[in-house]
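Values reported hereafter were calculated over all heavy atoms of this structure, with side chains retained and with hydrogens, waters and symmetry mates removed.
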Amino acid sequence: MNVPTSQFSVEEDPFFAEDLRQMAKAPNYRRWQFSMISPYVKGKVLEVGGGIGNFTADLAGIAESVVSIEPNFSCYSQLVKRVESLPNVTTLNIAAESLHQHMPPDYQADTLICMNVLEHIQQDASALRIFVRLLKTGGKLILLVPAAPAVFGRIDQRLGHYRRYSKNGLKSVLIESGLDPETIRYFNFVGLCGWWWNAKFAPREKQSDAQIHFFDRFLVPWLSVAERILPAPIGQSLLAVGKKLKPVAPT
């Protein structure tokens, strides 16, 4: 297992907010990501890892209600400011692993969204079981996780990633958690090439603003169309949608 390297805890590390602010400067990429998850979003939404709110307001626009949790203090303060005018959004400054301890006993979400979060959790299978318990039967869990374990590098470590996922590995952990994997697909083939370069050749612990700007402005517009027509054989990320088929007893 690859252990994250940071002098800060998840709650205190300012790097997470800096990374999310950096990605907020890539509007085309953000819209592309949201277009991939929005068809599965409905009803009461539980967003695990709201970050600085890059997707929360968009979710609020198509959901009945949104509960967004975020453990990092710096991210959470920005999340609150971002959604304070939205009456159907509730925010909680808690970690995913303790989520079930803070939600009302009868709370059941129609949709649970976990974008670029599961890789930060050491016991990912245990966390998924908690998520599934908070879903209605028939509800859906939407995951976006980093793919291709072979390109795990210094940026992953600095971001606090414990792992990158293979397609089969992600499918297995979903099934073990009580979900029926309806969709598992690779996403962002070109981004994987950049991540591979940064992991193997560039001594970086953060993404490059120039790389992100070039990718967002010149590559995402055609790449998003190309992958809609012809699914990527491999990519920087995996998008998964799992359906809860039956009630799950507490463990």
Side-chain angles (χ1 to χ4, degrees), residues 1-6 10 16 19 23 29 32-37 39-40 48-49 51 55 96-97 112-132 135 140-202 204-205 207 211 215 219-220 223-224 226-245 248:
M1 176 179 292
N2 295 291
V3 180
T5 55
S6 174
V10 169
F16 296 127
D19 181 71
M23 293 310 300
Y29 185 58
W32 183 21
Q33 288 180 302
F34 189 73
S35 73
M36 295 189 66
I37 70 167
Y40 305 102
V48 177
F55 295 100
E97 297 91 329
L112 191 148
I113 297 172
C114 185
M115 297 184 69
N116 297 312
V117 171
L118 197 63
E119 64 274 15
H120 293 273
I121 300 174
Q122 187 169 10
Q123 302 298 329
D124 56 344
S126 297
L128 278 175
R129 286 192 289 271
I130 293 171
F131 300 165
V132 173
L135 271 176
K140 295 187 178 182
L141 186 146
I142 303 169
L143 282 175
L144 188 70
V145 296
V151 303
F152 191 100
R154 293 174 64 180
I155 296 179
D156 287 287
Q157 291 181 311
R158 186 61 188 88
L159 282 169
H161 294 177
Y162 282 96
R163 68 195 72 80
R164 300 182 72 89
Y165 288 85
S166 69
K167 200 171 188 178
N168 287 337
L170 183 59
K171 181 178 181 179
S172 294
V173 76
L174 289 174
I175 292 173
E176 290 169 5
S177 303
L179 293 164
D180 176 32
E182 292 190 337
T183 298
I184 302 180
R185 57 170 293 185
Y186 285 108
F187 166 69
N188 188 7
F189 173 77
V190 173
L192 178 64
C193 299
W195 204 275
W196 169 79
W197 176 265
N198 287 337
K200 302 303 180 183
F201 300 103
R204 293 195 180 104
E205 291 190 351
Q207 299 183 78
Q211 285 180 333
F215 171 72
L219 299 183
V220 169
L223 183 61
S224 57
E227 289 195 11
R228 187 166 62 243
I229 298 170
L230 184 64
I234 193 168
Q236 180 179 327
S237 301
L238 278 163
L239 173 71
V241 179
K243 183 177 182 179
K244 180 177 177 178
L245 297 178
V248 177

Donor-acceptor pairs under 3.5 angstrom involving side-chain atoms of residues 168-182: please list them, not counting sequence neighbours.
residue	atom	partner	partner atom	Å
Ser172	OG	Asn168	O	3.0
Ser177	OG	Val173	O	2.7
Glu182	OE1	Lys140	NZ	3.0

Interatomic distance, Asp19 atom CG to Leu159 atom CG [nearest 0.5 angstrom] | 5.0 Å
Determine the minimum heavy-atom distance between Asn198 and Gln211, stating which atoms define it.
-> ND2-OE1, 3.2 Å
Would you call the rings of Trp196 and Phe201 parallel, tilted or perpendicular if under 30° counts as parallel and over 60° as perpendicular?
-> perpendicular
CZ of Phe34 to CZ of Phe55, rounded to nearest 0.5 Å, is 8.5 Å
First locate atom CZ of Phe131, then atom CD1 of Ile121, and finally report the distance between them rounded to the nearest 0.5 Å.
-> 4.5 Å
Apply side-chain contact (heavy atoms from CB on, under 4.5 Å) to the pair Lys244 and Leu141, showing each step before the final yes or no.
-> CA-CA 8 Å; Lys244 180 177 177 178; Leu141 186 146; over 6 Å; no
Which is it for Tyr165 and Asp124 under the side-chain contact (heavy atoms from CB on, under 4.5 Å) test, yes or no, and what are the steps along the way?
-> CA-CA 11 Å; Tyr165 288 85; Asp124 56 344; 2.8 Å; yes
Between His161 and Trp195, what is the ring plane arrangement, given parallel below 30°, perpendicular above 60°, and tilted in between?
-> parallel
Give the minimum heavy-atom separation between Ser237 and Leu144, together with the two atoms involved.
-> CB-CD1, 3.9 Å
Shortest non-hydrogen separation from Ala147 to Arg164 and the atoms involved | O-NE, 2.6 Å
Which heavy-atom pair separates Phe152 from Gln157 by the least distance, and what is that distance?
-> CE2-CG, 3.4 Å
When you measure from the side chain of Arg163 to the backbone N and O of Gln122, does any donor-acceptor pair fall under 3.5 Å?
-> yes
So CG of Asn116 and CD of Gln33: to nearest 0.5 Å the spacing works out to 6.5 Å
Atom CG of Leu239 and atom CD1 of Ile37: how far apart are they, to the nearest 0.5 Å?
-> 8.0 Å
Ignoring hydrogens and angles, write down the donor-acceptor pairs under 3.5 Å from the side chains of residues 186-193, residues two or more places apart or on other chains.
residue	atom	partner	partner atom	Å
Asn188	OD1	Gly191	N	2.8
Asn188	ND2	Gln236	OE1	3.3

Separation between CG of Leu223 and CZ of Arg228, rounded to the nearest 0.5 Å = 11.0 Å
